[in-house]
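Report on one structure; see the data block that follows.
Note: hydrogens, waters and symmetry copies are ignored here, and every other heavy atom, side chains too, is used. Naming: A, B, ... by sequence-line order, numbering from 1 per chain.
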Amino acid sequence: MRERDAKQRAKSFDEVNLGYSDEEAHAEAMRCLQCANPTCIEGCPVNIDIKSFIAGIIEGDAKRGVEVLKARNALPSACGRVCPQEEQCEAACVLARKGDPVAIGRLERYLGDLDLACDLEHRCRPDIGAPTGRRVAVVGAGPAGLACAGELARLGHAVTVFESLHAAGGVLLYGIPEFRLPKEIVAAEVEMLVEMGVEIVTDVVIGATHTVDELMGEQGFHAVFVGSGAGLPLFLGIPGENLNGVYSANEFLTRVNLMKAYDFPRHDTPVWRGRKVAVVGGGNVAMDAARTALRLGADEVFLVYRRTEEEMPARKEEVHHAREEGVEFKMLCSPVEIVGRDGWVTGMVATRMELGEPDASGRRAPVCVLDSDFVIECDTVIIALGTRANPLLTNAAPDVELNSRGYIVAGPDGETSKPGVFAGGDIVTGSATVILAMGAGKKAARAIDEWLAGSA
Amino acid sequence: MFPIIATRQLSESVFETTVSAPAIAAKVRAGQFLILRVDEAGERIPLTFSDWSSDEGWVRFIFMRVGKTTHKLSHLAAGDALLDVVGPLGKPTHVGGLGRVAVVGGGVGAAVAYPVARAMAAAGDEVTVILGARNRELLILEDEFRALPLKELVVCTDDGSAGRKDLVTAPLKELCEAGAIDHAMAIGPAIMMKFCAATTRDFAVPTTVSLNPIMVDGTGMCGACRVSVGAKTLFGCVDGPDFDGHLVDFEELMSRQRVYADVEREAAADFESECACRIK
């Protein structure tokens, strides 16, 4: 796929990947073997009929491709951009054995974008079932909630989504940067849900403005789906973490993405623009933070990770893009202290690591090298280590069972300990991916549908 | 949109805004806060409720004009609207069963002390309020406090232009020395809360402070509002805003509150000069 030049794009928030032209998409689709037993579909958390949507492109019938795609995935333009395809559908592609699977994610994006390029009235619109007269409240307008809402609307239920922030999209909006997922795409995908009859109410915190009990009581909802997402960021627990210039990736990215701090002072939210930035972590969020720091004008951005590039959980493409744009990888380094002067960060003390025996995750565990501390000079530190559970909703819903870490205990279809209340996404699994959250939201929607039928 | 019902200027730089927000008004308890955004380009800022009416569906807050957002807010009037208001957020202040309490409200902190003192009195606590300001002009809500069933209202100003010429810590110390209070609650600038906590520490009087760290989402997501309390890092938006004043690291809090001070001063100045141009 065509990309913007690394040097030029590292200073701009414009999207990096430019997408396929019709010819490129067709050529890529032609590589698909159209297997009799397509394994790629099993690799997809929402079981998109990949073979058929690719067949649509091969046969020049993009409209059918879009229909097939949207039958399973309400947010294809977003997923085509942010799914870890290399671990999912593309890993399961027969051609992956030869090291070059069909670029399923890029084809998904191609079809999703074709659809979004149409006027709203000409866009592919899933069939909506006859109204059931049942009302479902969805908590959180992120990937899990939006996927659940879309599926429930198709099944004919009246859906209201409650969002605590001022706009719908969740992590697609506040977390993933513009250069990877343009916000107008998120807005357009949400627009289609509204067109399908989904009501979205912003500025409402379930657990504060209303409780789950009130939704199911006086507000008259017959079921509730909780997709409230990630909570407070994890920190390292080392000295100096509360110095000025130390951000959680959540805060840094929210300031820049949701609040548009890159456009300060035209937008009112400021962000500290460091010249030398150290980002701690190896996931997609760490890559997003590092690349965002470059775009805010940093001279140097270091990625500090305690294992090696091999073990990084980030998408390969993000790692590749980060490196291309000039992020310097400091592998096998673990921060031990953040040092500062007059309350501001001046550097990070890190210790060298080496890889030992495999740990519980199957990855080789990093082990400290004795007396190997060294200093990384920097004026900004961004911590991207994942998140904890958000306590707001669950504190106000004592009959929804939580596990020891504060996440909601949910069955395979999202059912919780409270009848009629289902949950999915990061509030159940902890930090995971957009597509896993969407998969959980869809599954729960079908379970809610069954539950509503049973409780009629 | 959240329509503004009324506004009032309490001093040269202190303003009060009353907003229609029925769902929020139905839930507010003393000590909680809201997050607001004035307009599409606006930032999200936390402000603690100074009053509300669940029957009439409004909430009220008081702010000092310092940054661009508070400048914008100060220009709004009844009939205008705020784009976003979210709440009620944070844990309510613990009231009832405290016994004899001194509630200290310094500067704009008086706005938060007012519903707190009211709730404590209603819950059966014996409440003495110490109201402090730099001078008479900056003293707010004195009449409102006088209407509450308090044991006593002590007014202090730095220059003696109203009440005692003292810092709030002086009457607080006297109450401690007399063994007249079982609990203290301090709400105001961080430096004032720090000295209130230092005053009560010597007498082992448990002291709650209501902190105002910088926030972004305000709902337990971003981690901007972290404060060191004892050996722990806690979060103002979900663990607070009330914390044990004897354990809070005030130096760190004050340093963190100043992160954007320079850029915000510039933005506010630019905004004011822009406004001035438009008026011409």
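- Proximity of B/Arg226 to A/Asn242: side-chain heavy atoms (C-beta onward) are separated by under 4.5 Å at one or more points.
- For B/Val38, no part lies under 4.5 angstrom from a heavy atom of chain A.
- Within the 4.5 angstrom heavy-atom criterion, only backbone atoms of A/Ala230 (N, CA, C, O) approach chain B.
- Residue A/Arg388 touches chain B through its side chain alone, counting heavy-atom pairs closer than 4.5 Å.
- Of the two parts of A/Pro270, the backbone and the side chain both hold a non-hydrogen atom closer than 4.5 Å to a non-hydrogen atom of chain B.
- Of the residues considered (A/Asp342, A/Thr209, A/Val204), A/Thr209 shows the highest number of contacts with chain B, using heavy-atom pairs under 4.5 Å.
- Tested against A/Thr269 for a side chain to side chain contact (heavy atoms under 4.5 Å, CB included), the candidates B/Arg44, B/Glu43, B/Arg37 yield a single pass: B/Glu43.
- Between the CG atom of B/Asp217 and the CG atom of A/Leu232 there is a distance of 8.0 Å, given to the nearest 0.5 Å.
- With a 4.5 angstrom heavy-atom cutoff, B/Leu34 does not touch chain A via any of its atoms.
- Between the side chain of A/Thr254 and the backbone N or O of B/Cys222 there is no donor-acceptor pair closer than 3.5 Å.
- Of the listed residues (A/Leu165, A/Thr202, A/Val205), just one forms a side chain to side chain contact (heavy atoms under 4.5 Å, CB included) with B/Val86, and that residue is A/Val205.
- In terms of heavy-atom proximity, A/Asn244 sits nearest to B/Ser255 at ND2-O, 2.9 Å.
- Counting non-hydrogen atoms of other residues, nucleotides and ligands closer than 6.0 Å to CZ of B/Arg29 gives a total of 12 or fewer.
- Using non-hydrogen atoms only and a strict 4.5 Å limit, the part of residues 211-219 of chain A facing chain B consists of A/Thr211, A/Glu214.
- Atom-to-atom distance recorded for B/Leu82:CG and A/Asp203:CG is 10.5 Å, nearest 0.5 angstrom.
- Contact record, B/Ala41 with A/Arg266: CB-O, 3.5 Å, taken as the closest heavy-atom pair.
- Contact of B/Glu40 with chain A is made through the backbone alone, with heavy-atom distances under 4.5 Å.
- Contact annotation for B/Ile35: neither backbone nor side-chain heavy atoms come within less than 4.5 Å of a heavy atom of chain A.
- Between B/Val238 and A/Leu392, the closest side-chain pair of non-hydrogen atoms falls below 4.5 Å.
- Ranked by heavy-atom pairs under 4.5 Å with chain A, the first of B/Val85, B/Asp249, B/Val227 is B/Val85.
- Using a 4.5 Å cut-off between heavy atoms, B/Thr219 contacts chain A through both its backbone and its side chain.
- Only the backbone of A/Leu243 comes within contact range of chain B, with heavy atoms under 4.5 Å apart.
- The shortest side-chain heavy-atom distance between A/Trp344 and B/Val259 falls under the 4.5 Å cut-off.
- Within the 4.5 Å cutoff, no side-chain heavy atoms of A/Thr387 are placed close to those of B/Met221.
- Within a 6.0 Å sphere centred on CZ of B/Phe195, other residues, nucleotides and ligands contribute 12 heavy atoms or fewer.
- B/Leu36 contributes atom CG, which lies 12.0 Å from atom NE2 of A/His166 (distance to the nearest 0.5 angstrom).
- The choice from A/Gly231, A/Pro265, A/Gly343 that makes the most heavy-atom pairs within less than 4.5 Å of chain B is A/Gly231.
- For the options A/Val246, A/Ile383, A/Leu253, heavy-atom pairs under 4.5 Å to chain B are most numerous at A/Val246.
- Contacts between A/Val271 and chain B at a heavy-atom distance below 4.5 Å involve the backbone alone (N, CA, C, O).
- With a 4.5 angstrom heavy-atom cutoff, A/Phe252 does not touch chain B via any of its atoms.
- B/Val216 has its side chain within reach of A/Met259: a pair of non-hydrogen atoms, C-beta onward, lies under 4.5 Å apart.
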